[in-house]
There are 2 protein chains.
Amino acid sequence: MDAPSRLADRMQRGDVFAPRCPSREVLKHVTSTWGVLVLIALRGGTLRFSELRRKAAGVSERMLAQTLQQLEGDGLLVRRSYPVVPPHVEYSLTEFGQEAAQHVEALADWIEERLPELAKAAEP
Amino acid sequence: MDAPSRLADRMQRGDVFAPRCPSREVLKHVTSTWGVLVLIALRGGTLRFSELRRKAAGVSERMLAQTLQQLEGDGLLVRRSYPVVPPHVEYSLTEFGQEAAQHVEALADWIEERLPELAKAAEP
DNA sequence: GTCCATACTTACCTCTGCGTACGTACTTAC
DNA sequence: GTAAGTACGTACGCAGAGGTAAGTATGGAC
């Protein structure tokens, strides 16, 4: 539970409790406001940029592009661009992305379901 | 074409895709950098402030206090303070907190396990 | 010709996440 | 007397999150 004593151990498995562990970076991307929504939205299948933008209501183009690049950099989604006249780009989850999205959606679902009870318990 | 009675149904469950939904607030707290670590740390049982601080390496006192207050406000953990000479405060998860922490830990665990594969797939 | 849609990028500006440093009130240890 | 541990609160400041507006290239609708 404490700081890993061996360098080799750290390379084998991540440790979110360790400040320098790259797993914190991935976790940051996956649990970011827009990262969560993008992952869940893409669980339904491939989507285009503008479709994602409409689905994750409230996201700006800037943040959506940045979020997509981060998740692509983490190997969680793939970008397919077709060189056609009106730009056409498709985003879909990799196998890793599917697994991550599953966990993220489970959490989001739980919050959505429990929200009324939480709100009631939190402010009496 | 208005159905005010149906609106109440919408209030029953959260929707993270809706910008104004309070579930986004809870999600923000739960998935924040320190929120994640606190929830996971407290799955092992009750902990004191300084114990949490040591466990979640890298957190500042300021951020830990703020994170704890947010999670308490969401009804995910309870704070018990004993009026003794050196301050003694205990934090533990509520039932809701246990459930939330379970999902969060599942996600963190997944990232920790897949990290080497992700890193390999992400930088060719 | 003008407007719109697509998938971005860049410049600019605001807001807040977060660390640092210090203060508090008290006790124990040196 | 000084330091340290406990559980915070507060003031300061930087860096990054994140919104808005504009630009790019191109074809179709009007």
Would a distance-only check, ignoring hydrogens and angles, find a side-chain to backbone donor-acceptor pair under 3.5 Å from [X] to [Y]?
X: Thr46(A); Y: Ser92(A); answer: no
X: Glu112(A); Y: Val16(B); answer: yes
X: Ser81(B); Y: Val89(B); answer: no

If you check every side-chain atom of Gln69(A), which of dT9(C), dA7(D), dT6(C) has the closest atom? dT9(C)

Go through dC8(C), dC8(D), dC26(C) for me and flag the one nearest to the Val89(A) side chain. dC8(C)

Go ahead and name the base partner of dA17(D); Watson-Crick or wobble counts if both distances stay under 3.5 Å, otherwise write none. dT14(C)

Give Tyr82(B) one of three labels, base, sugar-phosphate or nothing, depending on what nucleic acid heavy atoms sit under 4.0 Å from its own. nothing

Applying a 4.0 Å non-hydrogen cut-off, can you work out what Thr33(B) is touching in the nucleic acid: base, sugar-phosphate, or nothing? sugar-phosphate

Could you label the plane-to-plane angle of the Trp110(A) and Phe96(B) rings as parallel, tilted or perpendicular, counting under 30° as parallel and over 60° as perpendicular? perpendicular

May I ask you to decide if the ring planes of Tyr91(B) and Phe49(B) are parallel, tilted or perpendicular, using 30° and 60° as cut-offs? tilted

Taking OP1 and OP2 of [N], is either one under 4.0 Å from a side-chain nitrogen or oxygen of [X]?
X: Gln66(B); N: dC8(D); result: no
X: Arg48(B); N: dA7(D); result: yes
X: Arg79(A); N: dC8(C); result: yes
X: Ser50(B); N: dA7(D); result: yes

Between [N] ([atom2]) and [X] ([atom1]): distance, integer Å:
X: Lys28(A); N: dG16(D); atom1: NZ; atom2: C1'; answer: 8 Å
X: His88(A); N: dC8(C); atom1: NE2; atom2: C1'; answer: 15 Å
X: Arg53(B); N: dA7(D); atom1: CZ; atom2: C1'; answer: 11 Å
X: Arg80(A); N: dA7(C); atom1: CZ; atom2: P; answer: 15 Å
X: Glu25(A); N: dG16(D); atom1: CD; atom2: P; answer: 11 Å
X: Leu64(B); N: dG17(C); atom1: CG; atom2: P; answer: 16 Å
X: Gln70(A); N: dG16(D); atom1: CD; atom2: C1'; answer: 11 Å

All N/O pairs under 3.5 Å across the protein-nucleotides 19-22 of chain D interface:
| unit_1 | atom_1 | unit_2 | atom_2 | d |
| --- | --- | --- | --- | --- |
| dG19(D) | OP2 | Ser60(A) | OG | 2.8 |
| dG19(D) | N7 | Arg62(A) | NE | 3.3 |
| dG19(D) | O6 | Arg62(A) | NE | 2.9 |

Lys/Arg N to Asp/Glu carboxylate O, Asp109(A) vs Arg13(B), below 4.0 Å: yes

How about Glu51(B): does its CD atom have over 12 heavy atoms from other parts shown lying under 6.0 Å from it? yes

